Amino acid sequence: MKLVPIYALAGVLSLATLAPQQAAAEDLVVGAAISLTGGLAYADVPAQKGMQLAIDEINAAGGIGGKYKIDLRLKDSRSDPAQTSIAAQELIDDGAAVLVTPCDADPSIGAGQMAQAAGVAAFSTCASSPNLPLAVGDHMFTNFPGDNVQATVSAKYAIDSGYKNAYILISPDTAYTQLPLYFKTVFEKLGGKVVGEDNYSMGQQDFSAQVTKVKSLSPAPDVIMTAAYEPDFPAFIKQLRAAGITAPVIGSDGIDSPTTFALGDVAEGVVFSTAGFAAPGSPLEAFNNKYKAATGADPDTIYIAIGYDLIKVLEAAVLKADSVDRVKVWEAVRELENVQGATSTITYKGTDGVPLRQVSLIKVVKGGRELVLQEAPDAALIPAPKL
């Protein structure tokens with residue numbers, strides 16, 4: 001997993017976001033204990049860029065509803081759970097009315113529990129584990145289609161594509177990398193069969209044992225599914241293709257990054273689930289154009305739009321509450337319906353903290369994106385969170 005150097009944030013972070021400051025009485029103080037360095041920076045840094053764009057827009061217009069400006073305070077959690085908790089507590093003590101946590105459930109749990117104790121709503125930038133709010137409590141929210149939702153869309157697609165046998169690759173190291181277990185549940189419910197599965201350790205670079213196992217399977221798998229991400233996914237697929245295995249591969253949002261699109265022929269045809277696709281005339285296309293106009297750069301990952309969405313949710317909550325009081329904001333979030341984000345509409349009302357959002361399936365074609373489908377799955381097919 002690549003590191004994103006702090007200087008890469010130049011032009012995105014203002015000095016004001018890094019220095020201690022005094023909030024105005026009607027500012028919405030948002031504390032972000034996120035990963036500006038370390039293994040999760042590949043997702044959290046882009047998410048922060050999207051958050052900042054939304055904040056700049058809102059504040060330039062006079063604030064939320066013309067009166068509540070957003071005061072973003074950042075602390076680097078360094079992709080470390082202990083440091084995330086320390087940073088979260090400091091931000092809460094500094095007056096944060098909302099806490100933002102990293103793009104992974106594990107460091108978000110400790111930080112979320114601190115927010116829960118303080119009565120502060122907490123949002124992970126892009127963790128997708130449906131277990132996260134269950135592990136923390138009713139003040140924890142996610143900001144991405146859940147693992148079980150993504151897996152349902154992927155499994156249905158696999159069946160509709162005529163795949164009958166599947167191999168799944170899992171890591172027990174995080175809840176997210178066990179997403180293929182949701183895929184297995186739905187795939188077999190729809191008539192498919194998982195003919196092989198293996199574990200790996202995160203950070204593992206030698207997948208020869210797993211590749212050998214795939215080659216030995218009889219019947220051979222029609223499709224391979226994994227939620228491995230950087231640096232594991234690039235290593236796995238390179239070794240898979242080098243062994244002559246040409247079975248289609250389905251991944252998840254963890255590989256929605258520039259690294260995947262730069263892999264060349266080995267990634268050709270890979271399909272993965274994510275939160276949006278910039279179809280002509282879509283809100284995401286409009287967001288991408290706006291981002292390029294503001295920064296001069298094309299958004300190269302969905303996590304930028306996801307960060308933007310998070311702030312639009314907070315804007316909607318403050319408008320609904322007509323207050324920046326932390327309790328009123330939390331109560332308002334729980335009642336939000338159909339908030340228009342850059343990627344899709346977002347609903348928290350009636351959920352357990354995992355929002356209702358569309359899932360997009362994207363195919364890698366010649367280093368670019370091709371939309372396979374975009375849908376919200378049949379609720380009856382979605383597996384319950386695995387505890």
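Everything quoted here is computed from the prediction, not taken from an experiment.
Salt-bridge formation is detected for the pair D322/K67: a Lys NZ or Arg NE/NH1/NH2 atom is positioned less than 4.0 Å from an Asp or Glu carboxylate oxygen. Taking the charged nitrogens against the carboxylate oxygens, D27 and R73 have no contact shorter than 4.0 Å, which rules out a salt bridge. Salt bridge K328/E331: absent, no basic N to carboxylate O contact under 4.0 Å. In summary, E335 and K320 do not engage in a salt bridge, as defined by a charged side-chain N under 4.0 Å from a carboxylate O.
The shortest distance between side-chain heavy atoms of L381 and L190 falls below 4.5 Å. Counting heavy atoms from C-beta on, the side chains of M51 and I70 never come closer than 4.5 Å. Taking the side chain as every heavy atom from C-beta outward, I311 and I58 approach each other to under 4.5 Å.
Of all heavy-atom pairs between E315 and I64, the closest is O-CG2, 3.6 Å.
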Acceptor/donor pairs from residues 148-156 side chains to any protein atom, 3.5 angstrom cut, sequence neighbours excluded:
residue : atom : partner : partner atom : Å
N148    : ND2  : P383    : O            : 3.0
Q150    : OE1  : S273    : OG           : 2.8
Q150    : NE2  : P145    : O            : 3.1
Q150    : NE2  : D253    : OD1          : 2.9
T152    : OG1  : N148    : O            : 2.6
S154    : OG   : Q150    : O            : 3.2
K156    : NZ   : D160    : OD2          : 2.9

Which is it for D256 and R369 under the salt bridge (charged side-chain N to carboxylate O under 4.0 Å, His left out) test, yes or no, and what are the steps along the way?
CA-CA 10 Å; D256 188 0; R369 297 167 185 268; 2.7 Å; yes

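For the residue pair E285 and N289, no side-chain donor N or O sits within less than 3.5 Å of a side-chain acceptor on the partner.
The side chain to side chain donor-acceptor pair (under 3.5 Å) test applied to Q358 returns no partner, not counting sequence neighbours.
Ring planes of F141 and Y348: perpendicular class, angle over 60° (limits at 30 and 60°).
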